[in-house]
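Chain A is the first sequence line, chain B the second, and so forth, proteins listed ahead of strands; every chain is numbered from 1. Keep in mind that the numbers below use all heavy atoms, side chains included, and drop hydrogens, waters and symmetry copies.
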There are 2 protein chains.
Amino acid sequence: MDLGERKLHILQAIIDNYIISAEPVGSRTVAKKFDIGISSATIRNEMADLEEMGYLEQPHTSAGRVPSDKGYRLYVDRLMKSKGLSPAEADYIKNLYDEKARQIEQIIFQTSKIISDITDYTTFILGPQLDQVLIKHIQLVPMGNNCALLVIVTNAGTIKDSIITIPDSISEDDLYRFSNMLNEMYRDQCLGSISLRPLIKVRESMAQNQEFFNSLVDVLTDSIEIKGSRELYLGGTTNIFKFPEYRDIVKAKEFLDLMEQKDLLYKLLAHFKGNGVSVTIGEENQYRELQDYSIVTTAYSVGGHVLGTLGIIGPTRMEYSKAVSVMDFMGKTLSRYLTQLFVKE
Amino acid sequence: MDLGERKLHILQAIIDNYIISAEPVGSRTVAKKFDIGISSATIRNEMADLEEMGYLEQPHTSAGRVPSDKGYRLYVDRLMKSKGLSPAEADYIKNLYDEKARQIEQIIFQTSKIISDITDYTTFILGPQLDQVLIKHIQLVPMGNNCALLVIVTNAGTIKDSIITIPDSISEDDLYRFSNMLNEMYRDQCLGSISLRPLIKVRESMAQNQEFFNSLVDVLTDSIEIKGSRELYLGGTTNIFKFPEYRDIVKAKEFLDLMEQKDLLYKLLAHFKGNGVSVTIGEENQYRELQDYSIVTTAYSVGGHVLGTLGIIGPTRMEYSKAVSVMDFMGKTLSRYLTQLFVKE
DNA sequence: GTTAGCACTCTCCCTTAATGAGTGCTAATG
DNA sequence: CATTAGCACTCATTAAGGGAGAGTGCTAAC
């Protein structure tokens, strides 16, 4: 059995309808929407075919049809009409970015807020990938009781800090001197691939402070171990309540727990390295916990280097057309903005 | 009518029971719990009195009694037996703090996680109050396209950063020189009360860079405007689902929306400056949106200076005894830990 | 003052019945 | 031969009715 033009039209009508209504779609409804002279009986036959082919499902015998993941996939690949953003929306976004945002965190939060406001889905953003990023400044700041703060500023505007212990024998002046050394050694080096070798020289020059030296090396090594340290920002988590399929308290809790469990989202996002917008529908997802949801992601970059990922998550009954447009637009807008801020012309 | 010993005992039995069961408590239940020879009929009479006095309420004629906010208040002030933490819990907490936490943010997150794990309520923590805090280091880091990052490290281990624009005429070397000047001027000054006057001298020395100078002054002024910039950390927001009174999706959403609306929590916490643990029950709260909940707060400090506030929020049917013990313990533990880290002996 | 007894109230839950949307099949139609 | 009208059938949803049970308030006796 093959997918004639008419079957595709019917499938599209059903999905369009279901995305809006969240109710199984019956043959009569399709007949009305599809005002050419085809009766509901004919449509019923076609729908039975589409179900047999796996594009539709039936919650129970006497209900209408609901799209399957396979149906959504076909819809995303071939049927949906790309909507684009309304000029009002594009303006709204541009204006927000024009306002002075003075911290990279603020910019990211703003981005996540925009996306979840416009789409009504939950947004998650993976912060700058530190191994791609250059060190712009290193500073050791004496803090108090045998403590110092190691601060690393990167060229993506992010700051990484770490408390380290220092022995009594090191004075504040020593720390500042040492800061300068570190700066000279590591400025404009890539955080992901800095070598500890140059430090050996330093080690000799502070032979009496082995302990401090070791602690410092530990921290630097930790800083290179980036995986754990990438921030994951969430926005619009309670948007999930807007969808009737999550009126059920158990499902809502399940979703919110999922969002709090950030490891899963980390792992998930690790896969989407490519550029362009990627859509993962329901069971296409390799993680079972996420197979009830659809996820749309895209990368953002600074000066051509991919820095992190934007994503939204919502029910498989997602407004894919809008979701894809928004993510595409926001990925590009954020990249342009960051590049303009941080890359020398 | 006055509150005899027996009435107090009955009230206590009712509240103890209701806190656990979340069901209206009937006279028979109290009679059982209260195994001295008093019949349920007598207790019924006493309960009617307690209701008349405003300590109890009746959801409907044929239901048991439920404590009123006034009842809870009496309970908290006079009736509850302070439980203290179990040794196991105290150990668990101490062990967590002994693990190396390398960022102040991490420490705060850990604290909020501990509190919501132990109490099952939602935790909110107001981060360090920046006007109480000393500047330990200031750094201008050149970033790219007419941009620099102003980084301020404080003696509470927090870092404040801000993107500022710089004119072409300023070189990287100028920036570093300027950083050094700022450091000399402001190190160990209180962030809340730094004066811009010393900068006037600098202004003269960079007469040809008025624009940059102005932008810098703006940012410094902003940094002093602290109110907006205090972080509010949340933990265990989905704990609310554990309580039967929030099985209702509307109420659950209401609560979660409340937690996302951080201004309200800011305003709320501004009131609790004193030390010691403070309990606010239901309608005692001045903000209508919070009158369905009870809130327990306490301050944390570094070296005797109050830095911020810990709080939990849950249904008025709260395990006050445990809540108070935990908050007291955690406030003290966190303060001790931070003091030990950051204050010179 | 305390208590046993009893009528009364109200919620909760189960059963039953009616409604209605939608299907699948059959037979008629162009 | 594809299309369609007609009809019996299915199943979820909703409303109504009717115990059962928990709890109260009142009265009268102790």
Side-chain angles (χ1 to χ4, degrees), chain A residues 1-11 13-15 17-18 20-68 71 244-245 247-248, chain B residues 1-11 13-15 17-18 20-68 71 244-245 247-248:
Chain A
M1 196 171 343
D2 58 332
L3 273 166
E5 192 70 8
R6 194 171 64 185
K7 279 195 174 59
L8 287 176
H9 266 77
I10 291 173
L11 182 61
I14 291 173
I15 297 184
N17 203 290
Y18 185 66
I20 295 167
S21 71
E23 303 273 304
V25 183
S27 53
R28 254 183 70 84
T29 314
V30 178
K32 264 185 249 161
K33 196 155 205 177
F34 196 52
D35 45 359
I36 322 172
I38 300 182
S39 80
S40 67
T42 312
I43 292 170
R44 268 203 294 285
N45 289 330
E46 299 282 48
M47 282 164 77
D49 289 351
L50 283 165
E51 182 174 359
E52 208 177 315
M53 288 187 269
Y55 296 110
L56 293 177
E57 283 165 0
Q58 216 172 3
H60 58 265
T61 340
S62 71
R65 298 306 204 294
V66 161
S68 68
E245 45 267 70
R247 288 282 160 71
D248 179 18
Chain B
M1 200 170 339
D2 58 331
L3 275 165
E5 192 71 8
R6 194 171 65 185
K7 279 197 175 59
L8 287 176
H9 267 77
I10 290 173
L11 183 60
I14 291 174
I15 297 185
N17 203 290
Y18 185 66
I20 294 167
S21 70
E23 304 273 303
V25 183
S27 53
R28 253 184 70 85
T29 315
V30 178
K32 264 185 249 162
K33 196 153 206 176
F34 196 55
D35 45 358
I36 322 171
I38 300 182
S39 79
S40 67
T42 312
I43 292 171
R44 269 205 291 287
N45 290 330
E46 298 283 46
M47 282 163 77
D49 289 350
L50 283 167
E51 183 174 356
E52 207 178 316
M53 287 187 269
Y55 297 110
L56 293 178
E57 283 164 3
Q58 216 171 3
H60 58 265
T61 341
S62 72
R65 298 307 205 294
V66 161
S68 68
E245 45 267 69
R247 289 281 160 72
D248 180 17

Query raised in the report: Are any of the side-chain heavy atoms of Asn17(B) and Val30(B) separated by less than 4.5 Å?
Result: no
Report summary line: Taken to the nearest whole Å, CD/Glu23(A) to P/dA12(D) is 14 Å
Query raised in the report: Rounded to whole angstrom units, what separation is found between the OH atom of Tyr18(B) and the C1' atom of dA22(D)?
Result: 16 Å
Requested in this report: Working to the nearest 0.5 Å, report the span between CD of Glu51(A) and CE of Met47(A).
Outcome: 8.5 Å
Requested in this report: Using atom CZ of Arg65(B) as one end and atom C1' of dG25(D) as the other, report the distance to the nearest whole Å.
Outcome: 9 Å
**Report entry** Side-chain donor/acceptor of Ser62(A) to base of dT23(C), under 3.5 Å
**Finding:** no
Report task. Classify the side chain of Thr61(B) and the base of dT9(C) as holding, or not holding, a donor-acceptor pair under 3.5 Å. Result -> no
Query raised in the report: What is the distance from CG of Leu56(B) to P of dG23(D), rounded to the nearest Å?
Result: 15 Å
Query raised in the report: Separation of Met47(B) atom CE from dC26(D) atom P, in whole Å?
Result: 14 Å
Report summary line: Whole-Å distance, His60(B) NE2 to dC8(C) P, equals 18 Å
Query raised in the report: Do Ile38(B) and Glu46(B) come within less than 4.5 Å of each other through their side chains, counting heavy atoms only?
Result: no
**Report entry** Tyr55(A) and Ile14(A), any side-chain heavy atoms less than 4.5 Å apart
**Finding:** no
Report summary line: Assert: residue with more 5' nearest nucleotide on DNA chain C, out of Arg6(B) and Arg44(B), is Arg6(B)
Query - Nearest heavy atoms of Ser40(B) and Ser27(B), plus distance in Å - result: O-CB, 3.6 Å
Query raised in the report: If you pin Val25(A) and Ala41(B) to their nearest nucleotides in DNA chain C, which one's is more 5'?
Result: Ala41(B)
Requested in this report: Report the distance from atom CG of Asn45(B) to atom P of dT27(D), rounded to the nearest whole Å.
Outcome: 12 Å
Requested in this report: Quickly work out the Arg28(B) CZ to dA4(C) C1' distance and round it to whole Å.
Outcome: 13 Å
Query raised in the report: Which part of the nucleic acid, if any, lies within contact of Ser27(B), taking any heavy atom under 4.0 Å across all strands shown: a base, the sugar-phosphate backbone alone, or nothing?
Result: sugar-phosphate
**Report entry** Side-chain N or O of Gln58(A) closer than 4.0 Å to phosphate OP1/OP2 of dC11(D)
**Finding:** no
